[in-house]
Visitor: 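Dropping the structure in here first, questions after.
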Amino acid sequence: MIDPVLLRDRLEDVWARLLTRGAALDVSYETLVDLDRRRRQFIRQVEEQKHQQRLASDEIAALKRQGLDASHLFDANRGRSRHIKALEGELDLIEQARARQLLRIPNLPHASVPLGRTVEDNREVRRHGDPPALDFPPKAHWDLGPALGILDFERAARMSGTRFSVLMGDGARLERALINFMLDLHAREHGYTEVEPPFLVKGATLEGTGQLPKFEADLFRIADWDLFLVPTAEVPLTNLHRDEILDGRTLPLRYTAYTPCFRSEAGSHGADVRGLIRQHQFDKVELVKITAPDQSYDELESLTRDAERVLELLGLPYRTVLLCTGDLGFASSKTYDIEVWLPSQRLYREISSCSNTEAFQARRANIRFRRDGTGKAEFVHTLNGSGLAVGRTLVAVLENFQQRDGSVVIPDVLRPFMGGREIIEPPR
RNA sequence: GGAGGGAUGGCCGAGUGGCCGAUGGCGGCGGUCUUGAAAACCGCUGUACGGGGAACCGUACCGGGGGUUCGAAUCCCUCUCCCUCCGCCA
């Protein structure tokens with residue numbers, strides 16, 4: 001949520017910056033101005049009436065203490081109570097409308113974010129590693145995997161429908177190896193605390209990170225419960241400190257977690273229908289940081305580097321892209337996407353998205369801190385990034401390390417997690 | 001799923017209808033004393049919203065919501081969470 005005070009005092013500036021995102025805002029400028037005006041008007045009325053009511057009550061109490069009759073004052077105050085109740089009813093409607101609007105306004109892009117409308121306007125900031133020089137036509141993972149007997153889409157579809165998959169044998173083990181490799185790297189070398197959070201969370205939790213109320217259609221909801229399957233570990237990790245006031249001396253907090261992620265992929269019909277790229281369920285290792293405002297952009301750089309390091313150690317070629325205003329996610333002020341090379345598609349494909357949401361999520365989830373443990377409580381900044389999307393990493397490993405005979409060389413750093421194995425070969 | 005107990009300020013803990021935003025203690029801040037520190041003593045010590053240039057004033061907040069009442073931390077209903085016991089269960 002954007003700072004409501006900023007929204008009121010500098011609405012024109014804020015609005016102009018929001019429009020650089022390109023997407024149509026489902027909130028109108030005039031409505032916001034009107035709601036704010038009426039809200040203040042009603043607050044003034046209610047408070048004035050309550051003040052009068054309190055004066056009358058004090059008078060009654062004073063008379064009673066003297067043993068005098070005060071019943072002649074009852075009627076006036078009873079009428080006042082009814083009036084207050086009516087005013088409060090109206091004020092409540094206004095407050096609700098205002099809250100609905102505020103929750104649907106996206107975050108403000110940071111000044112360093114390039115202006116633009118589409119992916120074409122994103123800015124490549126670095127590139128690492130060269131695409132492998134294969135002397136044969138590379139196969140797509142959806143051919144490689146099933147041929148190796150480690151990936152099965154047909155059986156998954158029979159059980160669960162489209163956009164699900166089964167990993168078997170070395171495939172399942174490779175997925176687990178990737179998860180353990182990433183978690184160990186971030187927890188032991190990059191200073192993140194490993195967390196295993198709930199995979200189901202309440203609606204209010206998703207509101208804290210910005211998935212609700214606007215993007216309910218992207219989520220899986222548990223029937224008859226106010227519970228949703230997590231679309232990313234960003235949600236439980238960021239909400240870990242919901243409604244807390246943290247000691248500033250403990251910041252930044254760094255968390256990493258492996259979770260399965262569940263997304264309905266509503267509105268993506270026809271996109272990436274084959275393979276592991278876009279599934280209803282996928283594994284991800286997530287990175288989340290909670291920082292003081294003045295350090296959050298430095299922490300975004302290092303978080304992005306932490307995610308890139310996974311690809312470097314695996315030996316996978318990638319590039320890092322700074323998203324333009326038009327490509328920015330709802331909650332983000334600034335985002336780097338990391339894209340891994342996929343030989344079969346001859347292009348770089350998103351494998352991580354690292355964002356600074358500044359105080360946008362902190363305000364929604366009410367996460368604050370006190371500098372030096374004292375003074376006034378301020379909102380923290382929250383950051384998140386994939387470190388990495390495991391399914392897509394598996395795809396990149398299969399495709400980049402495939403050989404002419406359809407076997408796949410296991411990257412060095414994964415071998416300890418694969419019982420020393422060096423290669424995955426097709427069954428004879 | 002059933003029965004019972006609980007939720008009060010940064011923390012602990014009083015308060016069962018009216019000078020209660022809430023006694024007291026701890027912690028924190030300032031001061032006296034001291035070469036310095038501790039102890040002791042004194043004072044201060046929440047947040048949000050509204051009004052105002054400001055000093056300041058007002059309103060709300062005792063887990064959430066609703067109700068009773070002229071008036072609710074206090075009475076009633078309801079929800080959430082925590083604890084104890086029973087049942088079930090990996």
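In the text below, chain A, chain B and the rest are named by the order of the sequence lines, each starting its count at 1.
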Visitor: Using Watson-Crick or G-U wobble geometry with both distances below 3.5 Å, tell me the partner of B:rA22, or none.
Guide: none

Visitor: Taking CZ from A:F379 and P from B:rA48, how many angstroms apart are they, rounded to a whole number?
Guide: 9 Å

Visitor: Just wondering, do A:D218 and A:Q211 contact through their side chains at under 4.5 Å, heavy atoms?
Guide: no

Visitor: For A:R39 and for A:K50, locate the closest nucleotide of RNA chain B by heavy-atom distance; then report the residue assigned to the nucleotide nearer the 5' terminus.
Guide: A:R39

Visitor: How far does the C1' atom of B:rA7 sit from the matching atom of B:rG71, given to the nearest Å?
Guide: 25 Å

Visitor: Between B:rG58 and A:H51, is there an OP1 or OP2 to side-chain N/O distance shorter than 4.0 Å?
Guide: no

Visitor: So, A:E308 versus A:T320: side-chain donor-acceptor pair below 3.5 Å or not?
Guide: yes

Visitor: Name the pairing partner of B:rG43, where a pair is Watson-Crick or G-U wobble with both distances under 3.5 Å, or state none.
Guide: B:rC29

Visitor: Any base atoms under 4.0 Å from A:I43, or only sugar-phosphate, or nothing? Heavy atoms, all strands.
Guide: sugar-phosphate

Visitor: Sort out the partner of B:rA55 for me: Watson-Crick or G-U wobble, both distances under 3.5 Å, none otherwise.
Guide: none

Visitor: Could you check how far CZ of A:R370 sits from P of B:rG27, rounded to whole Å?
Guide: 18 Å

Visitor: Could you measure between the two P atoms, the one in B:rC79 and the one in B:rG5, and give it in whole Å?
Guide: 16 Å

Visitor: In whole Å, what is the span from the CD atom of A:Q66 to the P atom of B:rC19?
Guide: 16 Å

Visitor: Would you call the rings of A:H141 and A:F153 parallel, tilted or perpendicular, where under 30° means parallel and over 60° means perpendicular?
Guide: perpendicular

Visitor: Checking base pairs now: Watson-Crick or wobble, both atom distances under 3.5 Å. What partners B:rG87?
Guide: none

Visitor: If only side-chain N and O atoms of A:S81 are considered, is one of them under 4.0 Å from the OP1 or OP2 phosphate oxygen of B:rU69?
Guide: no

Visitor: Given the C1' atoms of B:rG15 and B:rG25, what is the spacing between them in whole Å?
Guide: 15 Å

Visitor: Any chance you could lay out the salt bridge (charged side-chain N to carboxylate O under 4.0 Å, His left out) test for A:D34 and A:R38, step after step, and finish with the verdict?
Guide: CA-CA 6 Å; A:D34 181 57; A:R38 285 167 58 210; 3.4 Å; yes

Visitor: Taking the C1' atom in each of B:rU69 and B:rG87, what is the distance between them to the nearest angstrom?
Guide: 43 Å

Visitor: Describe the nucleic acid contact of A:R80 in one word from base, sugar-phosphate, nothing, applying a heavy-atom distance below 4.0 Å.
Guide: nothing

Visitor: For B:rC81, give the paired nucleotide (Watson-Crick: N1-N3 plus N6-O4 or O6-N4; G-U: N1-O2 and O6-N3; both under 3.5 Å), or none.
Guide: B:rG6

Visitor: With a 3.5 Å limit on both atom pairs, tell me what B:rU68 is paired to, counting Watson-Crick and G-U wobble, or say none.
Guide: none

Visitor: Using a cut-off of 4.0 Å on non-hydrogen atoms, how would the nucleic acid contact of A:R363 be classed: base, sugar-phosphate, or nothing?
Guide: nothing

Visitor: Of all the choices, B:rA60, B:rC70, B:rU68, which nucleotide is nearest to the side chain of A:K64 once you look at every atom?
Guide: B:rC70

Visitor: How close or far is atom P of B:rC49 from atom CG of A:D92, stated in whole angstroms?
Guide: 18 Å

Visitor: A:R78 side chain N/O closer than 4.0 Å to the phosphate oxygens (OP1, OP2) of B:rC70?
Guide: yes

Visitor: Between A:R40 and B:rC49, is there a side-chain N or O to OP1/OP2 distance below 4.0 Å?
Guide: no

Visitor: Using the P atom as the reference point in each nucleotide, state the distance between B:rA14 and B:rG63 in Å, no decimals.
Guide: 15 Å

Visitor: Take atom C1' in B:rU23 and the same atom in B:rU32, then report the distance between them in whole Å.
Guide: 27 Å

Visitor: Before we go on, tell me: are the rings of A:F199 and A:F262 under 6.0 Å apart, centre to centre?
Guide: no

Visitor: For nucleotides B:rC42 and B:rC76, find the distance between their C1' atoms and express it as a whole number of Å.
Guide: 46 Å

Visitor: Between A:K202 and A:D36, which residue's closest nucleotide on RNA chain B lies nearer the 5′ terminus?
Guide: A:D36

Visitor: In whole Å, what separates the P atom of B:rC11 from that of B:rG2?
Guide: 33 Å

Visitor: What I want to check is whether the side chains of A:Q49 and A:Q53 have a donor and an acceptor closer together than 3.5 Å.
Guide: no

Visitor: Would one find a side-chain N or O of A:Q53 under 4.0 angstrom from OP1 or OP2 of B:rG71?
Guide: yes

Visitor: Name the nucleic acid region contacted by A:E48, choosing base, sugar-phosphate or nothing; use a 4.0 angstrom heavy-atom cut-off, strictly under.
Guide: nothing

Visitor: What does B:rA38 pair with, Watson-Crick or G-U, if both distances are under 3.5 Å?
Guide: none

Visitor: Just how far, in rounded Å, is P of B:rU59 from CD of A:Q41?
Guide: 20 Å

Visitor: Is A:H186 reaching over with its side chain to a backbone N or O of A:G387, donor-acceptor style, under 3.5 angstrom?
Guide: yes

Visitor: How close or far is atom C1' of B:rG50 from atom CD of A:Q45, stated in whole angstroms?
Guide: 13 Å

Visitor: Regarding A:T205 and A:N239, do their side chains bring together a donor and an acceptor under 3.5 Å, going by distance alone?
Guide: no

Visitor: Could you please name the partner base of B:rC62, counting Watson-Crick and G-U wobble pairs only when both distances are under 3.5 Å?
Guide: none

Visitor: Within this structure, what is the CZ-to-C1' distance between A:R65 and B:rC19, rounded to whole angstrom?
Guide: 6 Å

Visitor: Counting heavy atoms from C-beta on, name the nucleotide in B:rU59, B:rG50, B:rC70 closest to the side chain of A:R44.
Guide: B:rG50

Visitor: In whole Å, what is the span from the CZ atom of A:R82 to the C1' atom of B:rG67?
Guide: 15 Å

Visitor: For A:S71, answer base if it contacts any base atom (sugar-phosphate contacts may also be present), sugar-phosphate if it contacts only those atoms, and nothing otherwise; contact means non-hydrogen atoms under 4.0 Å.
Guide: nothing

